[in-house]
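Below: one structure, written as structure tokens.
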Amino acid sequence: GVAHVEVQTLRREAQVAVHQAGRGWLQVVLADRCAHQLTDVLLHQLGEVATALDEIEAILAIDGDNDEARLILEGLLNDEYVSGRVALLLEPIYEGRGQWSSVVDVLNIRLGLVDGTAARCALLRRLAATHRTRTADLPAAFEAYSLLLREAPEEVLTLNTLIELADHAGRWPETAQ
């Protein structure tokens, strides 16, 4: 219907503006406005969340710290069908802004959705390191490293880091378990 025609028109306008973006700031603003209108139509008129996320991803490829895209994503973070992808898109935005508690939140969302030991271990490493070096939440870092050690008991570096944290925090009884 009308919404599908509007999507096609906005896509063409955004593509032309992006193509001309090298010519000046006005084209960048126009491209951004078209992309946001397109996302709004896809989400609210057509209910095409996956396609809207594709458009948001394209916006972020041009402007990785786009406030409107971030706000739209934050509104979708609790949608169980897309929360993993949304968390993945939000993570670099939060990192770039130094919003480490938000980074922790999206890492936890991703951790709850990921399959496979290697992927879980990679996320647990990031989560533990973020707690340890960015939020200075040593008890949370200890918990994340403990989970990582359960997932991959052969990792000597994880064991050494856990021992260091236990020594620092006086948590030897928990570490021994």
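Scope of the values below: all heavy atoms of this structure, side chains included, with no hydrogens, waters or symmetry mates.
The shortest distance between side-chain heavy atoms of R70 and D67 falls below 4.5 Å. Considering only heavy atoms from C-beta on, E57 comes within 4.5 Å of L89 through its side chain. The side-chain heavy atoms of P139 and D137, taken from C-beta on, include a pair separated by under 4.5 Å. Counting only heavy atoms from C-beta outward, the side chains of R134 and V103 never approach each other to under 4.5 Å.
Remark: the backbone N or O of V104 is paired with a side-chain donor or acceptor of N108 at under 3.5 angstrom.
Taken to the nearest 0.5 Å, the CG atom of L53 stands 10.5 Å off from the CD1 atom of I59. Expressed to the nearest 0.5 Å, how far CG of L157 lies from CG of L162 amounts to 11.0 Å. To the nearest 0.5 Å, atoms CG (L111) and CG (L124) are separated by 4.5 Å. Rounding to the nearest 0.5 Å gives a distance of 4.0 Å between CG of L148 and OG1 of T158. Distance CG/N66 to CG/L71: 9.0 Å, rounded to 0.5 Å. Atom-to-atom distance recorded for T130:OG1 and L123:CG is 10.5 Å, nearest 0.5 angstrom.
Following chains of ILVMFWY side-chain contacts shorter than 4.5 Å, one cannot reach L88 starting from L73, and the two form parts of different hydrophobic clusters.
Side-chain contact check for Q99 and S102: no donor-acceptor pair (N or O, by modelled atom type) lies under 3.5 Å.
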**Study point:** Steps toward side chain to side chain contact (heavy atoms under 4.5 Å, CB included) verdict (L138, H131)
**Key:** CA-CA 7 Å; L138 297 183; H131 279 306; over 6 Å; no

Practice item. Applying side chain to side chain contact (heavy atoms under 4.5 Å, CB included), run through Y145 and R132 and close with a yes or a no. Key: CA-CA 10 Å; Y145 280 116; R132 185 175 180 204; 4.2 Å; yes

Exercise for review: Go through R85 and D54 one step at a time and tell me if the side chain to side chain contact (heavy atoms under 4.5 Å, CB included) criterion holds.
Suggested key: CA-CA 10 Å; R85 184 172 178 200; D54 292 341; 2.6 Å; yes

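Annotation for A128 and A141: closest pair O-CB, 3.8 Å, computed over non-hydrogen atoms. Closest of all the heavy-atom pairs between S83 and I109 is O-CG2, 3.9 Å. Residues A69 and I56 approach most closely at CB-CG2, 3.9 Å, considering heavy atoms.
Applying the 6.0 Å contact sphere to CG of D115 captures no more than 12 heavy atoms from other residues, nucleotides or ligands.
E151 and R125 are not joined by a salt bridge, as no carboxylate oxygen comes within less than 4.0 angstrom of a charged side-chain nitrogen.
Residue V86 is tested with L76, D79, V49, N78 for a side-chain contact (heavy atoms from CB on, under 4.5 Å); the sole match is L76. The side-chain contact (heavy atoms from CB on, under 4.5 Å) test with I93 singles out one residue from R97, E91, E95, and that residue is R97.
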